[in-house]
Amino acid sequence: MNESLEQIIRRKIQYLPPEHQEEVLSFIEFLEEGHCLIEGHLCEIINRFYQRQKIAQAFLKLPCHFGGKTIIPDISVFRCDRIPVISSGENYQELTIYPDWSIEILSLQQNPTKILGNLLYSSEYGTELGWLIDPVEATVLVVLPEQRVQLLQGEAKLPVLPGIDLNLTVDQVLDWSIIEY
């Protein structure tokens, strides 16, 4: 059986008292909100640094079709010289090239093996950098050229595409999942 963490949790909480079931479901919702916050902040920061210098552009949930397969990373980053030109006023619906940098933020509904498989697939076709951000484990699994994988956590500096001085640590990225009131 290939269940996501959320499916396993929902199956098992039926044995808890109702008040504890509510706590677990609230925690699941909290994690999902954090996923969206990380996506938004990270895409904004990447675009602020890379777009200003016309180096690259980050897209949220943009389908990328290459090598006979379509993947939809949470964030895909393309060097500006690789982005096809489209008519003014149009939006990108899909690109038929691999991203230069692919970022996934693991949610409870996702199977980590499948997501890592997509990052490795992208790497095989030319993606220079992949991140698998795991908010629950407070880690980032980095996929480097030649499908080398590195596990980072805490104050470890995250690798980014060459050409810009963007300094991010695992803790900084994960802190974006915290909602401040």
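Residue pairs meeting the side-chain hydrogen bond (donor to acceptor under 3.5 Å, both in side chains) criterion with at least one partner in residues 129-148, sequence neighbours excluded, do not occur; the list is empty. Residue pairs meeting the salt bridge (Lys or Arg N to Asp or Glu O under 4.0 Å) criterion with at least one member in residues 106-128, sequence neighbours excluded: Arg79-Glu128.
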Could you list the donor-acceptor pairs under 3.5 angstrom formed by side chains in residues 153-164, with sequence neighbours left out?
unit_1	atom_1	unit_2	atom_2	d
Lys157	NZ	Asn167	OD1	2.8

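A continuous path of ILVMFWY side-chain contacts below 4.5 Å connects Leu119 to Leu151, so both sit in one hydrophobic cluster.
Interatomic distance, Leu144 CG to Gln150 CD, rounded to the nearest 0.5 Å: 5.5 Å. In this structure, CG in Leu116 is found 10.0 Å from OG in Ser123, a value given to the nearest 0.5 Å. Atom-to-atom distance recorded for Ile55:CD1 and Asn47:CG is 12.0 Å, nearest 0.5 angstrom.
Of all non-hydrogen atoms in Ile105 and Glu39, the two that sit nearest each other are CD1-CG, 3.4 Å. Among all heavy-atom pairs drawn from Arg82 and Ile97, the shortest one is O-CD1, 3.2 Å.
With a 4.5 Å cut-off on side-chain heavy atoms, Leu62 and Ile75 do not count as touching.
Under the rule for a side chain to side chain contact (heavy atoms under 4.5 Å, CB included), the partners of Ser122 that lie at least two apart in sequence or sit in another chain are Phe66, Ile71, Thr127. Residues satisfying the side chain to side chain donor-acceptor pair (under 3.5 Å) criterion with Asn118, sequence neighbours excluded, are Lys69. Not counting sequence neighbours, the partners of Pro112 by the side chain to side chain contact (heavy atoms under 4.5 Å, CB included) test are Leu106.
Checked by atom type, the side-chain pair His65/Thr96 shows no donor-acceptor distance below 3.5 Å.
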